[in-house]
Amino acid sequence: MPALLLLWGGTGLLCAGGLARRLNLAELLSLSLMAGMGTVGVWGLLIMGAGLRFGILTASAILLAVGCFGIPQWRRRWRTRQRPHRLGPVAAVFAVLFTAAAVKPLLEVHWLPLLGWDSRITWGYKAKVILEEGTVRVPAFEDPYRVHLQPAYPVLVPIVQAYCAGFDVTRNDGDFKIPIALANLAAIMLLAGTLRRRTDSTAACFGGACLLGYLPAWASAIEVSLPEVVSGACNLAAAVLLARWFSERDSLVASWAVLFAAMSGLSKGEGMIFLFACVGLLLISAIRMGRVRPALSTGSLPIALALIGLAGWKSLELHLPVVCTMDYWGLFVSGQWSVSWAKLCLIAREYASAAVSPYSWGLLFPLYALALVRSTREQRLLGLVVLTYVAALVPAFVLSSWNPLDAHIRIAFPRILLQVAPIAALNVAEVCAAWFGPPQQPAG
C-alpha cells in the first residue's frame, strides 16, 4: 500500500514538474518512487521544522492529491503501450537475475527484522520515535548527553520509514525496511531505463542493473537497511539528469537533478557534498554553455521542494544538539593539517585497498577507472563529481580523533563508496555496451 501511494504521488509530482514526458517507462517508475519518497520526506521536515506533528494521514492525502496530476500521463502511457522486446539468450538471463535482485529485498521486508546497530539504534530508533511522537523534537534527541543516538543525522529516511511502517497496525519491525528495498528497486530500474535509452541494448540495460544489484557491499547494505542505499539511488537520479543537462542544455532537467541531489543530502550528511558538487558543476557548465533552453515555470517546483526540505532540516537542527569533542577548525588552523603527511599516506592506502576489494565491490571501481578512459564528455564530468565527493572527505579523516585511524576509514569509506556505486555501475555498463555491442545510436 505505501509503495503504491509513493508511486502515485511521485508520478503526479513529475508530471506537475514537467519531467514525466521526457522519460521512458522504467525511468518514470523509478523516479516516481524516489519523488514520492522525497514528497513525504520534505513534508515531514516542513511540519516538524514548524513545531507540528507529522502524520500518516496528512502525508497520504498529499500523495493522493499530487498524484492526480499524473492521471493524463498514465492514460497516455496505457494507450501508447508497446509490445515487450524479444529477449536474446543473454538478455533473458540478465532479465531473470534482474527480477531476482528486485524482488528479493521486497520479500525480506517480511522475513527479516532490522539488522545491525545503525539500522536499529540510529535510523530505526528515529523512525519509531517519529511514528509514535510525530516529531524528533523530543527529549530523547534534545538531550545533549545522549550522544549515541546521533541526533544531528538527517532524518529524511526515518520519516519515510515511519510513513511506511505506519500502515501496519502490528508494527512489524521489518516494515521499517520498506524504503530501503524501494530505493534498491528504483536504482536498478533507473539503471535499466537509462541504459535502454542511451544504448538501445536490452542486454546492456538488464546487465547494468545486475552489476549493481549483485554487488556484495550493495546487497549487504540492503539486508541491514542502511540509508546509504537511498542516498545512492538519489545520487544516481541526479547523475542521470545531469548527463541529460550536458547534452540537451535543458534547465528543467537540471532543476530536477538539484532536487534529487538535495534528497541525498537529507538522507546522509555526506550527500551535502554531492549536492554542492552538482550545483557547482551546473553553474560552471551553464556559464560556459552560454545559451541554454530555459525551463518552463514548472522548473521552479523541484527547486522549491529542495529549498523547503533543506530549510525544514535546518530549523530542526536548531533543536538537536551537536556534541563533538574534537575542534576540527582549531586543529586545521594550528597546523595539524600540514603535519599530517603520514595520515594522508594511510588514507590513500586504505582508500585504494577498500576500492579494489573483490569481496566488497567485485572489481567495480577498478573497472570504473578504466571505463572513464573511454567515456564520453558527460561521463567524465560525472566522474569529476564522484572524485570531488570522495576527495572532499579526506580532511575529515585527517582530523579524525579515532585511534587507530585505519579502523575509522575501514568502517566509513565503504559506506561512502555505496553512495556512488550506482554511478560507477552506469558508466561501466554503458562503456561495455558501446565496446562489445553492435554499433548503435543512442535513443535519446
[X] and [Y]: side chain donor to acceptor below 3.5 Å:
X: S231; Y: S267; result: no
X: S225; Y: W123; result: no
X: Y389; Y: E270; result: no

Worksheet entry | Contacts of N427 that satisfy side chain to side chain donor-acceptor pair (under 3.5 Å) - sequence neighbours left out | S375

Worksheet item: Can you check side-chain contact (heavy atoms from CB on, under 4.5 Å) on L29 and L23, steps first, answer last?
Response: CA-CA 9 Å; L29 293 174; L23 307 172; over 6 Å; no

Worksheet, complete the sentence: Taking every heavy atom of I159 against every heavy atom of G44, the minimum-distance pair comes out as CD1-C, 3.8 Å

Response to the item:
Correct closest heavy-atom pair for A20 and L28 would be CB-CD1, 3.9 Å

Practice prompt. Inspect the surroundings of CG in L57 and state if more than 12 heavy atoms from other residues, nucleotides or ligands are less than 6.0 Å away.
Written response: no

Worksheet item: Salt bridge or not for E108 and K104, using N-O below 4.0 Å?
Response: yes

Practice prompt. Sequence neighbours left out, what passes ring-ring contact (aromatic ring centres under 6.0 Å, His included) with F167? Give chain and number order.
Written response: Y163

Fill in: Residue list, ring-ring contact (aromatic ring centres under 6.0 Å, His included) with F260, at least two apart or on another chain
none

Solution key, residues 93-101 side-chain donor-acceptor pairs under 3.5 Å, sequence neighbours excluded:
| unit_1 | atom_1 | unit_2 | atom_2 | d |
| --- | --- | --- | --- | --- |
| T99 | OG1 | A95 | O | 2.9 |

Worksheet item: Is the ring centre of F54 less than 6.0 Å from the ring centre of W43?
Response: no

Discussion item. Working note: F413 + E350, criterion side-chain contact (heavy atoms from CB on, under 4.5 Å); need CA distance, chi angles, decisive distance, verdict.
Written reply: CA-CA 9 Å; F413 189 59; E350 292 296 334; over 6 Å; no

Discussion item. I'd like to check the side-chain contact (heavy atoms from CB on, under 4.5 Å) partners of A355; sequence neighbours left out, ordered by chain and number.
Written reply: F365, L417

Practice prompt. Could you tell me which residues satisfy side-chain contact (heavy atoms from CB on, under 4.5 Å) with V138, sequence neighbours excluded, listed by chain and number?
Written response: V129, E133, T135, A140, F141

Discussion item. side-chain contact (heavy atoms from CB on, under 4.5 Å) for S30 and L33? Distances and angles first, verdict last.
Written reply: CA-CA 5 Å; S30 57; L33 280 175; 6.0 Å; no

Worksheet item: Under 3.5 Å, is there a donor-acceptor pair between the side chain of N235 and the main chain of V420?
Response: no

Item to complete: For the pair S247 (side chain) and R244 (backbone), establish whether a donor and an acceptor sit closer than 3.5 Å, ignoring hydrogens and angles.
Response: yes

